[in-house]
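Have a look at the structure below, then the notes.
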Amino acid sequence: MSKEQFDKIVNHAKVQGFVYPGSEIYGGLANSWDFGPLGVEMKNNIKKAWWKRFVSECKYNVGLDSSIILNPKVWEASGHVATFSDPLIDCKYCKSRYRADKLIEEYDSSIKASQMSNEELEHFIQENVVCPKCGHKDYTTIRNFQLMFKTSIGVVEDQKSQAYLRPETAQGIFINFKNVARTTRKKIPFGVAQIGKAFRNEITPGNFIFRIREFEQMEMEFFCKPGSDSQWYDFWKNYCIQFLYDLGIKKDNLKFVEYAPTELAHYAKATSDILYNFPFSDEFEELWGIANRTDYDLSKHQSFSNENLTYLDSETNERYIPYVIEPSVGVERLMLALLCDSYDEEVINEKDTRVVMHLHPSIAPYVAAVLPLSKNLSGQANEIYDMLAKEFHVDYDETASIGKRYRREDAIGTPYCITIDFDTINDHCVTIRDRDTMKQERINIDDIVSFLREKIKL
Ligand code: GAP
């Protein structure tokens with residue numbers, strides 16, 4: 001796939017109503033996006049599938065919904081106030097601003113600039129890198145730019161009222177570890193999962209919905225006994241990739257990268273990313289991060305809050321701070337991977353090509369479309385629509401030729417088209433057309449619900 005292919009997918013997503021540019025009637029707001037009627041269904045389906053896999057079907061885990069605005073001390077304890085920032089450098093000549101590490105990596109992709117100190121970054125740039133905009137080599141010193149969005153609580157805006165919009169959902173889980181352990185009487189190992197908005201004042205947002213400033217995360221913090229952490233780390237890596245395979249993402253478009261000890265964040269013992277072959281880039285890019293965060297977060301919160309966050313193992317009578325394995329993925333980033341992976345321009349014959357999105361039935365915005373062959377059949381078609389709409393999100397379309405309607409549904413990924421024809425009144429049957437094979441089969445109206453139920457299973 002290519003950048004050109006990516007532009008096509010982005011355009012398709014906009015035209016079909018998956019994603020709209022944010023604040024469009026006011027001239028837009030750079031890198032903000034709204035999710036249209038199809039996009040919101042797809043996002044909801046992604047979240048539903050994740051929740052089912054990571055909470056409902058997983059005996060170890062429970063869910064949580066913590067606040068977006070937390071006590072600011074949370075972010076001091078987590079290290080975000082001190083370290084969640086990007087190093088910025090300005091060209092003195094043309095005033096262009098750059099992320100210093102990115103500037104170096106674009107100059108020489110073999111250099112891992114994220115490992116360098118600000119002094120090292122600054123020295124390297126001053127010595128080697130000319131400004132990509134104006135060609136001069138005269139820069140300011142590096143300043144750290146805080147990525148958390150600030151806000152204030154109450155009517156007085158001063159230092160005391162300052163708070164942050166959460167940059168990750170994870171900390172809301174850590175600060176509720178004790179509550180969950182007490183109220184659920186869960187024994188370690190157990191996990192707490194959460195889906196919610198996160199905000200980052202990203203300096204280099206872009207590539208459509210890949211990197212945005214307001215996004216949703218699906219995160220799980222899995223608390224386990226120190227010593228068992230490496231085994232659980234492998235378990236959750238496999239669990240996550242299996243979920244992506246089950247969603248139908250092509251195996252060739254996914255790969256793991258395991259980071260070397262020197263590349264790890266200060267809190268991590270091990271980290272790997274599941275990368276996806278996004279068409280906007282020559283390299284695979286991060287889709288899902290899985291980290292062994294050790295006891296770092298709970299230890300920090302214990303010392304900053306003075307609350308005892310240790311766990312008493314009732315079997316061995318040992319007291320310890322659990323280790324944590326964290327899989328974390330963005331809803332929009334997974335949605336983008338699914339859009340890219342499923343988009344296809346299928347050549348039917350020399351004269352005919354169809355755009356089709358091969359989305360898994362559990363993820364597609366509509367699982368089926370009800371299509372009466374003629375407007376005269378709308379009474380019966382509406383009855384079928386009403387029956388299905390109680391359980392599924394279904395489309396209804398009685399305009400244009402049946403061929404055109406099939407193509408419209410193919411283009412938005414609807415897996416099944418249910419056609420009501422003049423025989424339906426006599427034989428109580430409809431035709432179901434499969435989006436991918438375009439094959440049709442006739443089934444009894446009473447069997448449609450169980451047919452669709454079976455298909456949306458993950
Ligand atoms: N709690 C760990 C954490 O937040 P992260 O690697 O910064 O780790 C986890 O983020 C995941 O969240 C990423 O793998 C990505 O899927 C998603 N994500 C992070 N920043 C994002 C952004 N600006 N826009 C969209 N998704 C983002």
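First listed ligand is number 1; within each ligand, the first listed atom is number 1. Scope of the values below: all heavy atoms of this structure, side chains included, with no hydrogens, waters or symmetry mates.
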If the cut-off is 4.0 Å to any non-hydrogen atom of G289, which atoms of ligand 1 fall inside it?
14 (O)
Distance from atom 25 (C) of ligand 1 to nearest protein heavy atom, with residue and atom
F210 O, 3.2 Å
With a sphere of 6.0 Å drawn around NZ of K47, does it hold more than 12 non-hydrogen atoms of other residues, nucleotides or ligands?
yes
Check ligand 1 against R293 and write out every atom of the ligand that is under 4.0 Å from a heavy-atom position of the residue.
1 (N), 2 (C)
Using a strict cut-off of 4.0 Å, indicate which atoms of ligand 1 neighbour a heavy atom of L287.
14 (O), 15 (C), 16 (O)
Atom 6 (O) of ligand 1: which protein heavy atom is closest, and how many Å away?
E286 OE2, 3.2 Å
So for S328 against ligand 1, with non-hydrogen atoms under 4.0 Å, the contacting part is both
Out of R211, E332, R200, the nearest non-hydrogen contact to atom 5 (P) of ligand 1 is supplied by R200
Give the numbers and elements of all ligand 1 atoms closer than 4.0 Å to a heavy atom of V329.
16 (O)
What part of E168 sits under 4.0 Å from ligand 1 if we count only heavy atoms: the side chain, the backbone, both or neither?
side chain
Does a sphere of radius 6.0 Å around CG in D282 hold more than 12 heavy atoms from other residues, nucleotides or ligands, not counting ones at 6.0 Å or beyond?
no
Residue part near ligand 1, for L334, under 4.0 Å between non-hydrogen atoms:
neither
among protein heavy atoms, the one nearest atom 17 (C) of ligand 1 is G330 N, 3.6 Å
Centroid separation H358 to Y343 less than 6.0 Å:
no
Determine whether E105 and S109 satisfy the following criterion, side chain to side chain donor-acceptor pair (under 3.5 Å), listing intermediate values before the conclusion.
CA-CA 5 Å; E105 283 171 8; S109 60; over 6 Å; no
Side chains of E120 and Q115, heavy atoms from C-beta outward: is any pair under 4.5 Å?
no
Under the criterion side chain to side chain donor-acceptor pair (under 3.5 Å), I'd like the reasoning laid out for S32 against E214: C-alpha separation, chi angles, the key distance, then a yes or no.
CA-CA 8 Å; S32 79; E214 176 184 339; over 6 Å; no
Centroid separation under 6.0 Å, is that true for the rings of F208 and F210?
no
Enter the distance from I188:CD1 to F222:CZ here, rounded to the nearest 0.5 Å.
9.0 Å
Select one of side chain, backbone, both or neither to describe which atoms of M335 lie under 4.0 Å from any atom of ligand 1, heavy atoms only.
neither
Nearest neighbour in protein (non-hydrogen) for atom 24 (N) of ligand 1
I212 N, 3.0 Å
Please determine whether the number of non-hydrogen atoms from other residues, nucleotides or ligands lying under 6.0 Å from atom CD of E57 exceeds 12.
yes
I need the nearest protein heavy-atom contact for atom 26 (N) of ligand 1: residue, atom name and distance, please.
F215 CD1, 3.6 Å
Give the intermediate values and the outcome of side chain to side chain donor-acceptor pair (under 3.5 Å) for residues Q171 and S78.
CA-CA 7 Å; Q171 299 303 325; S78 67; 4.6 Å; no
Who's the nearest protein heavy-atom neighbour of atom 2 (C) of ligand 1, and how far?
E326 OE1, 3.1 Å
Answer side chain, backbone, both or neither: which part of Q217 comes under 4.0 Å from ligand 1, heavy atoms only.
side chain
Looking at the rings of F190 and Y60, which for Trp means the six-membered one, are their centres under 6.0 Å apart?
no
From the candidates E221, E216, E219, the one that places a heavy atom nearest atom 1 (N) of ligand 1
E219
Contact atoms of ligand 1, heavy-atom distance to A170 under 4.0 Å:
1 (N)
